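The structure appears below as structure tokens.
Letters A, B, ... mirror the listed sequences (proteins, then strands); counts begin at 1. As the structure is a prediction and not an experimental result, all values here were calculated from the model.
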2 protein chains.
Amino acid sequence: MTDAVDPPRSRRPNARLEEVARAAGVSKSTVSRVVNGEPYVSSKARAAVHQAIARLGYSPNQAARTLAGSRANCIALVVSEPGSRVLADPFFAGVLRGVHAELAGKRVQLVLMMSKDGDEQDLVNYLCGGHVDGVLVISLHGQDPLPRTLADAGLPTVVGGRPLGAGGVPYVDSDNFDGAMEAARYLVSRGRKRIATIAGPRDMAVGMDRLSGWKRVLSQARMDMDLVAYGDFTPESGAVAMEELLTRDPSLDAVFVGADIMAMGALQTLHARGKRVPEDVAVVGFDDLVIASTAVPPLTTVRQDVEQLGRTMTWRLMAELAGEEDLPPFLLLPTAMVTRASA
Amino acid sequence: MTDAVDPPRSRRPNARLEEVARAAGVSKSTVSRVVNGEPYVSSKARAAVHQAIARLGYSPNQAARTLAGSRANCIALVVSEPGSRVLADPFFAGVLRGVHAELAGKRVQLVLMMSKDGDEQDLVNYLCGGHVDGVLVISLHGQDPLPRTLADAGLPTVVGGRPLGAGGVPYVDSDNFDGAMEAARYLVSRGRKRIATIAGPRDMAVGMDRLSGWKRVLSQARMDMDLVAYGDFTPESGAVAMEELLTRDPSLDAVFVGADIMAMGALQTLHARGKRVPEDVAVVGFDDLVIASTAVPPLTTVRQDVEQLGRTMTWRLMAELAGEEDLPPFLLLPTAMVTRASA
DNA sequence: CTGAAAGCGCTTACAG
DNA sequence: CTGAAAGCGCTTACAG
């Protein structure tokens, strides 16, 4: 039993639309029109409203707008929980920055949601319940039906990274296939004869697409494509995969690692085995994380612009929300080879 | 001019509270009570409502709840834009995961906002406008008045990382001072005689607190504390600072780097200068990023639990929102030394 | 323990 | 170009 008086929180209540109307000498309708940038308002009324808004520090109540209007003025970014672990943080943070940059000045809020295992249905209910206008989904695994479900429910949805199980849902991705081809071609052009690869997990398109690019080039060059090992986007898995490859063929002289984070582990193994990089084994990574440039030796890699990925996903979603037509079903962003000391 | 018919989006409108009431044979008030877990409802009515909710897939409209009720059921995470660059992504992503974990099952949404330079006033207007119940602020720089402003406006606010210019605003931080002391003590105990440090920027408490810990230990050990260089939480700045220290005293035999990300640069410089780690120079970092374990050599460092930081900030904020009293004005989270090969 | 009614702050036809 | 009025889907006293 506490006698303590709970002092009512003295947050100055914001001005209301009605007060703005009174101050400007117009109706609520007119204020609403000005706030929403609608065309048919006299410049006199518009000026008066703007002035009143500035003076009163008016900021519209989003909840009321959402409830009264048809739009939530809000989009969701959904991250699958295991993905946020596995795909490593820089990816996520980069996308987030891109999304935010693209949303700047757009009066659209970003709500973050992580899909945990048990609550998929809750998540779908929530998202389809009119709380958001559209959804951005990233770091999907396997054949996750989420994007399909959302799209079928009529909710505009854009996926980041080619989804394996969601044919027809728009997506944006880095051109992983092309980037991997460039990496493999580079190794071939440097005279490497026995080129291995460490690929990402088989249930993610990003892993498979980079593997496919490597395969394509080796097959065109009529080189053996047997040296493939798999990791899971952790340094440890990269180290183990490198061990395996070295055991299978101690004479390999190059390795394309489908993620910088795994390349860090591969570098450790190579170092421990007394292999010089790049003299004995050339190493090329993928992603161009900040750690690539500080690796010993600095890592040659394929850069993907993750922030641009976030921007493009958001642009695509907003365009759809704006009713634009004939939007591309998917978008592939270019990658760029970054040559450093490791290859 | 487009003649295309814009087919109305056929998203099945969610069930409303009213329909649930009808299906359950009770009033809207009762449904509301059940949904909000209020006590005085007969178990019969409660069961009927739960059943109706399940059958109709009802999910309450947040906008309406916010508008009608007093709470927004929403908290904001504010990141200062330059901070999100400088503090490096893992910090941010870690905090985010912690916040989310703590919010799980709480029917509170997380809105993400980045404070850009020009729009500070917009941000404050928005946050104080009743759109959110509370605010979490991270990666503050210098004497940023934001937390003070929010707190003064009566908005519950919790800062992540000790704020330099916001006395009195509750915060949660890793115990950087203590962690740095432990690192310095470790170096002293290993017989190092000439211990340098690379500190973070002077305008961030995290940089200063770690520097202070190092100073305290060296002063207690009656060792010289002149070898201090500053970086800005980038690998490049760590490399430059290491150069400087080596120039000032080529005989230094240890360095405590106030962030793993800078330690990566320091390691590169040491390597380039032919210094063996740890034989010639012992290196201890701070943070225990994933790259610490994959560095060559693997980095001895001080671990801070960033996810726990996010959880704790959220817990503190939610406790305040729940009206709990006598909450601690700040919370310091323990750090832990992780010994690897570099020292 | 339960229900009828008012009201949260906007947007949106509708009528002018 | 402008305003009066209805309504968005809830919560919250209030009366029972």
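Within the 4.0 angstrom heavy-atom criterion, only backbone atoms of the sugar-phosphate kind lie near A:Val26; the bases stay farther away. A:Ala45 comes within contact range of the sugar-phosphate backbone alone, with a heavy-atom separation under 4.0 Å but no base atom that close. Within 4.0 Å (heavy atoms only), B:Ser29 reaches at least one base atom of the nucleic acid.
More than 12 heavy atoms of other residues, nucleotides or ligands lie within 6.0 Å of CD in B:Glu19, so this atom counts as buried by the packing criterion. Surrounding CD of B:Glu38 are more than 12 heavy atoms belonging to other residues, nucleotides or ligands, all under 6.0 Å away.
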Derivation of the side-chain contact (heavy atoms from CB on, under 4.5 Å) call for B:Leu96 and A:Leu96: CA-CA 11 Å; B:Leu96 202 52; A:Leu96 202 52; 4.0 Å; yes
B:Val79 and B:Ile138: CA distance, side-chain angles, deciding distance, side-chain contact (heavy atoms from CB on, under 4.5 Å) verdict: CA-CA 5 Å; B:Val79 188; B:Ile138 59 171; 4.0 Å; yes
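DNA chain D forms stems at C:1-3 with D:14-16, C:5-12 with D:5-12, C:14-16 with D:1-3, each a run of 3 or more consecutive Watson-Crick or G-U wobble pairs whose two key distances fall under 3.5 Å.
Looking at which nucleotide of DNA chain C each of B:Ala68 and B:Ser43 is closest to, the 5′-most match is held by B:Ser43. Between B:Thr30 and A:Ala64, the residue anchored nearer the 5' end of DNA chain C, judged by the nucleotide with its closest heavy atom, is B:Thr30. Nearer the 5' end of DNA chain D, as judged by each residue's closest nucleotide, is the contact made by A:Tyr40, out of A:Tyr40 and A:Lys28.
Of the residues listed (A:Thr149, A:Leu127, A:Val124, A:Asp133), the one engaging A:Leu155 in a side-chain contact (heavy atoms from CB on, under 4.5 Å) is A:Leu127, and it is the only one.
The shortest non-hydrogen separation linking A:Val108 to A:Leu103 is O-CG, 3.9 Å. Nearest heavy atoms, A:Val31 versus A:Ala21: CG2-CA, 3.6 Å.
Bracketed by its first and final contacts, the part of DNA chain D lying under 4.0 Å from non-hydrogen atoms of chain B reaches from D:dG9 to D:dA13 in 5' to 3' order.
The side chain to side chain contact (heavy atoms under 4.5 Å, CB included) search around A:Thr312 returns A:Val172, A:Gln308, A:Leu331, A:Leu333, not counting sequence neighbours.
Taking the C1' atom of each, D:dT12 and D:dG16 are spaced 16 Å apart, rounded to whole Å.
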